[in-house]
Amino acid sequence: DLPGLLLDIATAFDSLKKYQQAKSLYEQIAQDYPENLYADQAKIDALKTNAFLLIDTGDYTAAQAVIDRLKAAFANHPSLPSTLSSIATMYERRIKYEEARAIYQEILQNHTDDQWSDITKLGLAKINVLFMIQSADDPNDLAAIESLMADFHGRPALPAALYQIASTYE
């Protein structure tokens with residue numbers, strides 16, 4: 001079905017960081033196929049991608065407004081936690097740890113029984129370590145990293161989190 005194919009193409013643009021093209025396709029799906037089962041996901045992804053664009057350009061106030069719209073419009077949608085987690089990751093890339101932390105905390109508060117809970121806890125723990133490193137609180141860095149490794153041992157996302165932490169020391 002055409003909306004599904006368009007969603008796949010938009011998702012590919014999204015993963016290639018071609019956010020404007022992705023956003024346009026997501027909006028087209030939502031507008032042209034409002035009754036399709038992909039319409040809500042396209043609306044969510046259009047807002048997420050808009051937030052990405054704004055974060056990428058440093059317009060954090062406008063990005064927060066988009067995030068607030070997203071949360072209000074799709075508060076009970078099952079993909080909201082994963083969408084918010086993606087936005088938190090975008091903030092991390094821009095070294096906006098406070099914003100990422102706030103999103104992770106909100107996911108944990110409002111989506112406690114969600115499959116994203118474990119990933120979110122790891123993201124929050126990683127952010128706390130990155131905060132320590134950024135504040136040059138070196139004596140506690142190693143202990144915090146060891147604690148993160150112990151708490152999340154065996155989790156598939158742990159190596160990527162450790163790599164991101166290690167790359168801050170370059």
Query - Whichever hydrophobic residues join Leu6 through chains of side-chain contacts under 4.5 Å - result: Leu2, Leu7, Ile9, Phe13, Leu25, Tyr26, Ile29, Tyr33, Leu37, Tyr38
Query - Reported NZ-to-OG distance for the pair Lys48 and Ser85, which is rounded to 0.5 angstrom - result: 11.0 Å
Requested in this report: Evaluate the side-chain proximity of Lys96 to Met90: yes if any heavy-atom separation is below 4.5 Å, no if none is.
Outcome: no
Query raised in the report: Is Lys126 salt-bridged to Glu92, cutoff N-O under 4.0 Å?
Result: yes
**Report entry** Short N-O contact, Lys121 and Asp151, less than 4.0 angstrom
**Finding:** no
Query raised in the report: Transitively linked via ILVMFWY side-chain contacts under 4.5 Å: Ile87 with Leu16?
Result: no
Report task. Under the side chain to side chain contact (heavy atoms under 4.5 Å, CB included) rule, what do Ile103 and Glu106 come out as? Steps first, then yes or no, please. Result -> CA-CA 5 Å; Ile103 291 172; Glu106 183 172 337; 5.6 Å; no
Query - Pairs meeting criterion ring-ring contact (aromatic ring centres under 6.0 Å, His included) with involvement of residues 40-60, two or more places apart - result: Tyr19-Phe52
Query raised in the report: Do Ser79 and Ile44 have side chains that get closer than 4.5 Å, going by heavy atoms?
Result: yes
Query raised in the report: Checking Thr49 side chain against Ala46 main chain: does a donor-acceptor pair fall under 3.5 Å?
Result: no
Query raised in the report: If you draw a 6.0 Å radius around CD in Gln105, do more than 12 non-hydrogen atoms from other residues or ligands fall strictly inside?
Result: yes
Requested in this report: For the residue pair Leu158 and Leu122, establish whether any side-chain heavy-atom pair is separated by less than 4.5 Å.
Outcome: yes
Query - Lys71 atom NZ, over 12 foreign heavy atoms within 6.0 Å - result: yes
